[in-house]
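Inspection log for the structure reproduced underneath, given as structure tokens.
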Amino acid sequence: MHQTALVADGIYWVGASDRRLALFENVFPVPRGVSYNAYLVLDEKTVLLDTVDKAVSAVFYENLQFLLNGRQLDYVIVNHVEPDHAANLGELTLRYPEVKIVGNALTLEMLQRFFDFSHFNYDFAAKAVTVKEGDTLVVGKRVFTFVMAKMVHWPEAMATYEATAKILFSADAFGTFGALNGNLFADEVNFERDWLDDARRYYTNIVGKYGNQAQTLLDKASSLDLAMICPLHGPLWRKHLGWFIDKYRRWSSYTPEDNAVLIAYASVYGGTENAAQILAAALAQKGVRDIKMYDVSNTHPSVIVAEAFRCSHWVFASTTYNAGIFCHMETALLDLAAHNLQNRHVALIENGSWAPTAGKLMRDIFAGMRNITVLDDTVSLKSAVRASDRAALEKLADKLAAALTPPVRRDAKTSPVQNEVFFNISYGLYALTAKDGGKDNGCIVNTLTQITDNPKRVSIAVNKQNYTHAMIMQTGVFNVSILHIDAPFAVFQRYGFHSGRDTDKFAGVAVKRSANGLIYDDIYANAFLSGKVVESRDYGTHTVFVAEITEAGVIADTPAMTYAYYFANVKPQPAVGVKKTGYVCKICGYIHESETLPPDFVCPLCKHGAADFEKL
Ligand code: FEO
């Protein structure tokens, strides 16, 4: 019987979950199963995005047949050739012989390595449609744009963006191990408590080696106006996208997620385990709270890899075995190296009743990895832990604790005034809207401050070059929408990167209005305020308005966007491999390609001055 679910108007989940699978890719244990997500779009044309693993074909075809309800399937977009998503393509062409297979050149080439389509009486050469980066496919109301995602997770992988529903069909990216339990969306479950560990284990083991390529995809995604992310595995994302994207930013840049200690040990008769326990207890006594211990003999390496991505500090303790590293420990360490893990501190404990060698051999593995700092004091045991070993373990705990929370005392550079200081102020980001006669306008500001509670008054500084400034000067009223962390870069582009004097920033946008008749943002803001100016003062480049609040309402419980969050998670990072000379605006990323930057230069996009530029 079919098991479909509505994703958005005319867009359906047609996938299935598998709880019988023991090992995903015949490698990774999936005790909670796994879901294979496929999506069907019903428009003037019918479009399937990917298929599913062979194991769940029956339900998938029932889903498809039910929703198509007699219609032909016109297109299947293949975002990923790996058989957990493409295994059904041969049979699909048998069932829907008119279907056109859409993929990039490598996708189409690789598909023919998996299928001989002549066996399915399918004229592949005539019916395959080749697409490349930025190409679009219009199927009625819905418009698909193709975004290449090389090595996330295979070389042909791509994502597909549907602009009208603002959905990124992200292929393996943003996927998660675990069968779906009825709830389709991440915001319907306690994702951080129940799913994050599996999401981390999925990303780090499947794609973790290819951090640079994942970063490239994240950069592309950050320039899209995103309302939803639909991956090929696990829950779909329609809220708090920034939170999950931040996890991906950390994992793909090999930045520790937590200030935490992973202790993995290999012990035959308990001596090495005893040493690891003593070290853990010593760390705890020194105030370290996030410590996770694993016996590598009964922990799958994929768990060690995932925890190594999460934790900032590692301890590996291994007995010597056949004059080498204990077999399960060696497997785990080689797996870490294979996943390109970087930027960590490591402490080592070795054991060996007559000739301990594991310490040196483990150190050799870490020497081949990037930016791994191995503490000098390897603790070397011979069989059981002796009193003298305990002192060495205490010393190692001291060093590790110090590395975990190093006391830092720095001199402030104060001459004459460091511009960077002002980026450390914890601003929020706000959409400021006003109106002049029949015309609405808005801009982005970071200068809202509450002044008094009774009466409720705020101040806001607005650049005089902004059209919104002229409107407030004329009318004395404005709205401020407090942007939240799910606001994509496109929102900042709309409000901030062109002048309302030349364009209508709200053309084609369904807007909400407050009692004063002004627009507020009901999608990407968590609250809004209406202000009536009671005083204004000229400060050269800016006017500071003091206003009494006439209306204020909460819209959503999504956390507010801060300046720091915007820079870390929303503003696109410079494209990898693109080398330009000149100056870059730290606010919006505009690049002024010149050897010099005039002191009175104003960013043509966001209107910030030369002080907000830095040399590339
Ligand atoms: Fe879910 Fe790379 O396949």
Side-chain angles (χ1 to χ4, degrees), residues 13-39 48-57 59-60 76-90 92 101 103-104 106-111 113-115 146-160 168-180 184 186 195 198-218 221 229-237 244 248 251-252 302 305-306 335 338-340:
W13 178 87
V14 291
S17 285
D18 183 359
R19 289 185 178 77
R20 295 185 175 197
L21 183 69
L23 296 175
F24 183 81
E25 292 186 353
N26 217 7
V27 180
F28 305 107
V30 279
R32 300 172 60 207
V34 65
S35 80
Y36 305 102
N37 301 337
Y39 303 92
L48 176 66
L49 289 111
D50 295 291
T51 70
V52 296
D53 190 87
K54 272 280 185 202
V56 291
S57 301
V59 171
F60 165 71
V76 55
I77 294 171
V78 182
N79 282 317
H80 191 14
V81 168
E82 193 168 6
D84 55 331
H85 309 294
N88 271 286
L89 273 177
L92 192 83
I101 297 178
N104 61 51
L106 186 55
T107 300
L108 300 181
E109 185 190 321
M110 288 178 71
L111 277 179
R113 297 175 199 166
F114 283 95
F115 298 100
F146 302 102
V147 181
M148 299 305 122
K150 185 175 176 166
M151 296 316 298
V152 187
H153 134 238
W154 279 13
E156 91 305 342
M158 66 180 195
T160 299
L168 182 68
F169 296 96
S170 59
D172 274 346
F174 304 106
T176 309
F177 287 140
L180 293 172
L184 189 63
W195 288 83
D198 264 334
R200 185 187 303 107
R201 192 164 66 90
Y202 171 83
Y203 169 82
T204 57
N205 284 279
I206 304 283
V207 189
K209 181 180 178 68
Y210 302 104
N212 283 343
Q213 290 86 342
Q215 293 260 318
T216 301
L217 178 61
L218 292 175
I229 295 177
C230 293
L232 288 175
H233 301 285
L236 284 50
W237 290 83
F244 202 35
Y248 263 68
W251 298 335
S252 59
S302 64
V305 167
D335 218 9
H339 283 83
N340 202 16

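For ligands, and for the atoms within them, numbers begin at 1 and follow the listed sequence. In what follows, residues are counted from 1 in the order of the sequence shown. What you see below is based on every heavy atom in this structure, not just the backbone, and it leaves out hydrogens, waters and symmetry mates. All values reported here derive from a predicted model rather than from experimental measurement.
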Looking only at N, O or S atoms, which one in His153 sits nearest to atom 2 (Fe) of ligand 1?
ND1
Sub-3.5 Å donor-acceptor pair from the side chain of Asp50 to the main-chain atoms of His85, do we have one?
no
Can you tell me if His80 has an N, O or S atom under 2.8 Å away from atom 2 (Fe) of ligand 1?
yes
Asn340 and Tyr210: side chain donor to acceptor below 3.5 Å:
no
Per side-chain hydrogen bond (donor to acceptor under 3.5 Å, both in side chains), His233 is matched among Asp84, Thr176, Asn37 by Asp84
Looking at Asp84, which of its N, O or S atoms is the nearest one to atom 1 (Fe) of ligand 1?
OD2
Restricting to N, O or S, what is the name of the atom of Asp172 that lies nearest atom 1 (Fe) of ligand 1?
OD1
Closest non-hydrogen atom pair between Ala38 and Val52, with its separation:
CB-CG1, 4.1 Å
Under the side chain to side chain contact (heavy atoms under 4.5 Å, CB included) criterion, do Phe177 and Arg32 qualify, and how do the steps go?
CA-CA 8 Å; Phe177 287 140; Arg32 300 172 60 207; over 6 Å; no
The atom of His233 among N, O or S that is nearest atom 1 (Fe) of ligand 1 is NE2
Indicate if the distance from atom 1 (Fe) of ligand 1 to the nearest N, O or S atom of Glu82 falls below 2.8 Å.
no
